[in-house]
Amino acid sequence: MARVLTNNRAGVFCVWLFVSINLVNSNNGRRASDGLEAEFNGLSVPLEHSFELDDVAKFQLRGSLMLKTGREPSVSLNQNQLSEEDRTKLKEVAAVDGLYRIRVPRVFLQADKQTEWQTEGHLTAFVRACAMVESHLSDVITLHTDVSGYLIGVSIVTLPGACRGIEVEDEVDLEVFNTTLSIMAPVNAPGPETALFIQRMEQEFEKKGKNPQEQKSFFAKYWYLILGGAIFLMVSNSAQPPAGGGREQS
Amino acid sequence: MAAICLKVKEKTEVTTTYFLFLRKRSQTAAAMAKLILLLLKCILFCGTVYAVFEDQVGKFDWRQQYVGKVRFCHFDGHMQSSKKVLLATESNVFAALNTRTGEVLWRHVDKTGPEGNIDAFLQNGQDSVLVVGNGRVLRSWETNIGGLNWEVVLDSGSFQSTCLVGQQGTVKNVAVLKKTAISLHYLSNGHQKWIENLPDSDTVDYQTVYSGGNGEVYVLGVVPHSHIAVVAFSVDDGEILKQSSVEAPWLSSIPESCQIVDQEMLICVDSTTMSLYTLDLTLQLQMNQIPLQSLELEVDPDFRPSLVSHQPNPAKQPLSEFFLQLGPDRYVLLQFNSGQIVMLRDFKPALLVSFATTGEKTVAANKLELTCSLLDFGTQIWNLKIIKLASTINLYNAETGRRLLDTTLIFTMDPNGGKPERLNIQAFLKKDDSVGYRVMVQTKDHALTFIQQPGRVLWTREEALSDVLTMEMVDLPLTGTQAELEGEFGKKTDGLMSMVFKRLSSQLILLQAWIAHLWKLFYDARKPRSQVKSDISMENLSRDEFNLQKMMVMVTASGKLFGIDSKTGGILWKHYLENIPSNAGFKLMVQRTTAHFPHPPQCTLLIKDKDTGLASLHVFNPIFGKMSHVTPPALPQPILQSLMLPFMDQDYAKVLLLIDDQYKVSAFPSTKYVLQQLQEMAPTIFFFLVDSSQGRLSGYRLRTDLSTEQIWEVILPTEIQKIVSVKGKRPNEHVHSQGRVMGDRSVLYKYLNPNLLAVVTESTDLHQERSFVGIMLIDGVTGRIIHEAVQRKARGPVHVVHSENWVVYEYWSTKSRRNEFSVIELYEGMELYNSTAFSSLDRPLVPQVLQQSYIFPSSISTMEATLTEKGITSRHLLRIVSLPKMFLDPRRPEMASEQSREENLIPYAPELMIRTEWFINYNQTISRVRGIYTAPSGLESTCLVVAYGLDIYHTRVYPSKQFDVLKDDYDYMLISSVLLALFFATMISKRLAEVKLLNRAWR
């Protein structure tokens, strides 16, 4: 029961995460309509995975990523089911605490020509195979691009992420990937907010000007404190000499 | 390749911590009791002020000023009684030292790099003339107070040589030779007298300028392997008087193989023909060959002979005597006498020679008293198995080659220092007209030693400390009694009763020591402060109550290691590592701290040649500087990365892993136990490599057979941006509070990932509209990009500080043309994902990222965060000013609300004003700060700070004020006497009350 609950919470968080990504994107000042206007300029990139008992990477096709290039890149995923053989292998790898790796080729999403987008090398990431099994193949894959649209990194996490050693009895749970996919571009970091600050200062200044209480003189505001202090000083002065004398002797 | 260690999954050691706690408690029981008392009083007297009072200056801080490795050196010789030596150094510093004390009298620090490079230094009377920045500027300094006489900007052209030009016995001009032109300037005001282009400067390589004081300036150039070109200019108007070329097919460089002696006589030495060549510059006919065999001299095989000559007064001709070096330890003194070369004396063995002059102003019958001196080095006296390197210096008369009486000086070289490199002799005439002298020896480890007859070392300056590359602070060992207590816990075999007795006896010893200490404190408190000595030597080196005194281990570029007492700044030990490559990179690691008595503390220095990647290890004891008996492994393969693991071997030494270029891992120490542990832990040990030339960040995992496998890879295209720095967190940092309490009493939890890396990139496009600074937060274990942001229209240099859950970076905004600060903070949210342990492999959620930027009104050269024992104290960012982190908080609101006021958030203001009380070094200017090191002390409020660069400055900072310390001027006498008086008053009044009661009962 508890597990279901945590799963639910994770789901909520997941939603929140996507909201934040959207927010971030809108912060960039780009309008979503830009993406719609750009004609479909997709390219298909293989997503490969590897899980081996001896941990020597042997990548096989897991699915294909449909990347929409242009100013507002987006991504969708087409992936195969895990075969019977792979399912048992994944469970075996999970039992020895092996790794489940994925990789995507490096691509350039802003390229105009099809020939330009592919560059050399792959980007790899991993997750523990047991986490993959225990989460019933529900993973979150994020592709990261740099400012100019090069794919620079890929990351994979599972939800839930922990390995608790729970046996997954049902083979069906390990058949279909439940993948949440997103692509993230760098956020514009804010500069010093001078305009708002000046505005606030002006407001405060105006407020001060309106409030007549602030204009009172020093004595008018604190006359009671000064009077009290003076009385206290007088009283303590009259009582001071014997006490002071006593201290000096000690 | 940058390298940073990663700590993965710290094991919680419950049992160990328990024992540690026990130990600590018994150890500091006495101190704690006192501290609590003081604390109680402190509450009464709270309201401390954070600022340095005038009488506190130099009490908690010290500064040492350095000048750098000496390139040129002149003794201020215009007055017999002068106490000055003028130095021009490779750190672009021009300074004067007091020869009696070795202190800096004045110092001028020029720009770093080739722009401020001092090319030449000429000394004439009270004026020092410097050529700076490859012949860019000619400067004249007044040497008494170090004021600038004048400065002129010279015409462009690469600088070749310079000399003073005299006429009729007085020096009035200075000649500067550039690649294509020669110019003459007045010494009085720097104005240019004339400038002349050199003939055939495209073919002839002009290298030397010379004047013998007879109205002519000679410029010597060479066409390699062909001929020498000699041009003579008139001093008055720059007219070319003579011009000729002489065949010299063997010559390639004049300054390396030629010198001018006697009357315009050029003497060169050639190693292939084994001959001396002479050329009379006034006649310029041809070179005269004199084979060395005819002088019955022979050059050592594979040695390039060289010449040393001397011109005591630029207005007069040089000496006719000169040295010829024939081998690494052989010199001959030769004399040029009317076309003939005569040998005066053969010096073998002699390590260094030098000329010195004195007596110019004495009117006695003797002419210029010319002396030469030499250092006889390498006499090794075996004494109780300690090699003492005794060196002798002797003075010889240059004209005759005879040794002067009573001029032998014997001194012992520091066995932990380098070999002598240069001698600078200050000779003077004594009252009885005999020659006395002092000598400044420059050694290979950049040390200056000033020696007086008959061998007394007046002072030593360790100029290697002007170039500190890395440092660590190590706790001092415990005192004898404390160590005994420690020893009690070390043994386990005793029975119950003996343990009890042992405990009682050690407690007794502790009590005794404490009373003795109290008595000493009381005794010292009555003495005036100046009399209380704080002499620190190797013997009484021990930890103080609050661990404020530490050992600073400094690694310098010259390869010399220093152990410095952090309280006084005194050098306690030094060790010179020879054969350090000039471009070596150093990484200093503390493998075992002082906490594991009786095992000695152990530091390991990884020395890596940056070109080849080949590395070596130096293992030493950081307290005494001695080489450890542990033999480090030989490292035949280039090393890519090193990392310190959090677990220890059975001798409590942390395990160091080294990854070579085959991605194979070797461990040090590599005992069976360690290897076994490594095999067990292998799946949890991750590391990463950064290849900034290809923009590649890759993560690796250790396998059980100590090979590695790549597990993740992130590639930043180098055509867009380049990685400038990768910062991890410090492994010894403690984070005390897991979250921040908000105004509505809920908690915002911090995202505390110990494996988080901050990667800073700069764009390759430097156009001010398109340039940007990128910041990426990557998990070092999984390679997951946690956050990626770009600061547009910004440019480096970027300084980054990464600590706790925040990253602060500083950059130059090209749009607004100002320095700006930006702070990123990471929060998990209102709930913790897994509050018991952190694992990078199990953190599926992305943290919340908050960021704010500020304007900073000053530029920054380096930045660091403060560090305290338990991490309770709030952090400050340090530069020379200490900036409270509170001002860099992305949660500073636009408008102050009730809730944010409760949280103590300061309303956002875009500009960070520098308040004067933030300057931690008050008026002690520190030049060229290269790095700041922070270390925690035993007091939670206090953090030790060392700033190093050209100078070294050490102080304490109190980021949250001194909440656990009594004020400096606290009156112990008053409070104790008041307490006593109160005590007696209660006693007496009790007695009186009793009497009164009794009397009343009787009534």
Side-chain angles (χ1 to χ4, degrees), chain A residues 9-10 13-14 16-17 20-21 55-57 97 99 101 103 106 108 119 121-128 131 135 140 142 144-148 150-163 184-198 200 203 246-247 249-250, chain B residues 683 695 697 701 703 709-717 720-721 763 772-776 778-779 782-785 787-793 813 815-816 820 822 824 829 833-834 839 841-846 848-849 851-855 894-895 907-911 974 977-978 980-981:
Chain A
R9 192 186 298 155
F13 266 89
C14 193
W16 170 83
L17 190 145
S20 76
I21 292 168
D55 260 353
V56 178
D97 197 14
L99 301 183
R101 304 151 189 260
R103 76 169 187 192
R106 292 176 63 193
F108 181 41
T119 43
H122 286 86
L123 306 165
T124 51
F126 75 98
V127 70
R128 285 163 85 186
S135 65
V140 179
T142 314
H144 296 269
T145 65
D146 71 353
V147 261
S148 54
Y150 275 102
L151 212 57
I152 58 164
V154 61
S155 68
I156 177 168
V157 285
T158 59
L159 277 173
C163 278
M184 277 175 91
V187 182
N188 270 344
E193 289 274 358
T194 34
L196 264 168
F197 179 72
I198 291 165
R200 199 185 75 203
Q203 275 176 4
R247 173 162 286 201
Q249 277 167 17
S250 68
Chain B
L697 293 140
R701 184 166 84 150
R703 284 179 165 171
E709 55 179 336
Q710 189 181 346
I711 48 173
W712 60 265
E713 195 167 26
V714 167
I715 303 168
L716 298 165
I720 308 291
Q721 53 193 340
S763 61
F772 64 88
V773 165
I775 183 127
M776 228 179 2
I778 295 186
D779 188 303
T782 61
R784 186 179 177 201
I785 299 172
H787 181 66
E788 195 188 351
V790 284
Q791 198 85 47
R792 291 191 189 267
K793 290 171 190 166
S813 164
K815 186 187 166 199
S816 318
E820 288 179 6
S822 198
I824 299 176
Y833 175 75
N834 178 358
S839 167
L841 297 170
D842 180 20
R843 283 279 140 152
L845 307 175
V846 180
Q848 294 176 34
V849 181
Q851 187 165 17
Q852 238 175 30
S853 299
Y854 309 91
I855 303 163
E894 294 295 342
M895 299 293 280
Y908 181 82
E911 183 165 12
L974 181 74
S977 51
V978 164
L980 271 178

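Values in this document were obtained by computation on a predicted structure and should not be read as measured data. A note on names: the letters A, B, ... follow the listed sequences, proteins ahead of strands, and every chain is numbered from 1.
Between chain B and the options A:Val157, A:Val127, A:Thr124, heavy-atom pairs under 4.5 Å are most frequent for A:Thr124.
Proximity of A:Val187 to B:Val849: side-chain heavy atoms (C-beta onward) are nowhere separated by under 4.5 Å. Side-chain atoms of A:Ile152 and B:Ile715, non-hydrogen and from C-beta on, never get closer than 4.5 Å to each other. Counting only heavy atoms from C-beta outward, the side chains of A:Leu99 and B:Arg701 approach each other to under 4.5 Å. Within the 4.5 Å cutoff, no side-chain heavy atoms of A:Thr142 are placed close to those of B:Arg784. Annotation: side chain of B:Glu788 is not in contact with side chain of A:Met184 (no heavy-atom distance under 4.5 Å).
The two residues B:Ser853 and A:Gly191 come nearest to each other via the heavy atoms CB-C, 3.5 Å.
The parts of B:Ile785 that come within reach of chain A are both its backbone and its side chain, each placing non-hydrogen atoms under 4.5 angstrom from that chain. Looking at A:Leu151, the atoms closer than 4.5 Å to chain B (heavy atoms on both sides) all sit in the backbone: N, CA, C or O. Both the backbone and the side chain of B:Pro717 come within less than 4.5 Å of a heavy atom of chain A.
Within the model, atoms CD1 of B:Ile855 and CZ of A:Phe197 stand 9.5 Å from one another, a figure rounded to the nearest 0.5 Å. Once rounded to the nearest 0.5 Å, the distance linking CZ of A:Arg101 with CD of B:Gln710 reads 8.5 Å.
Looking only at distances, a side-chain donor or acceptor of B:Gln791 sits under 3.5 Å from a matching main-chain atom of A:Pro190.
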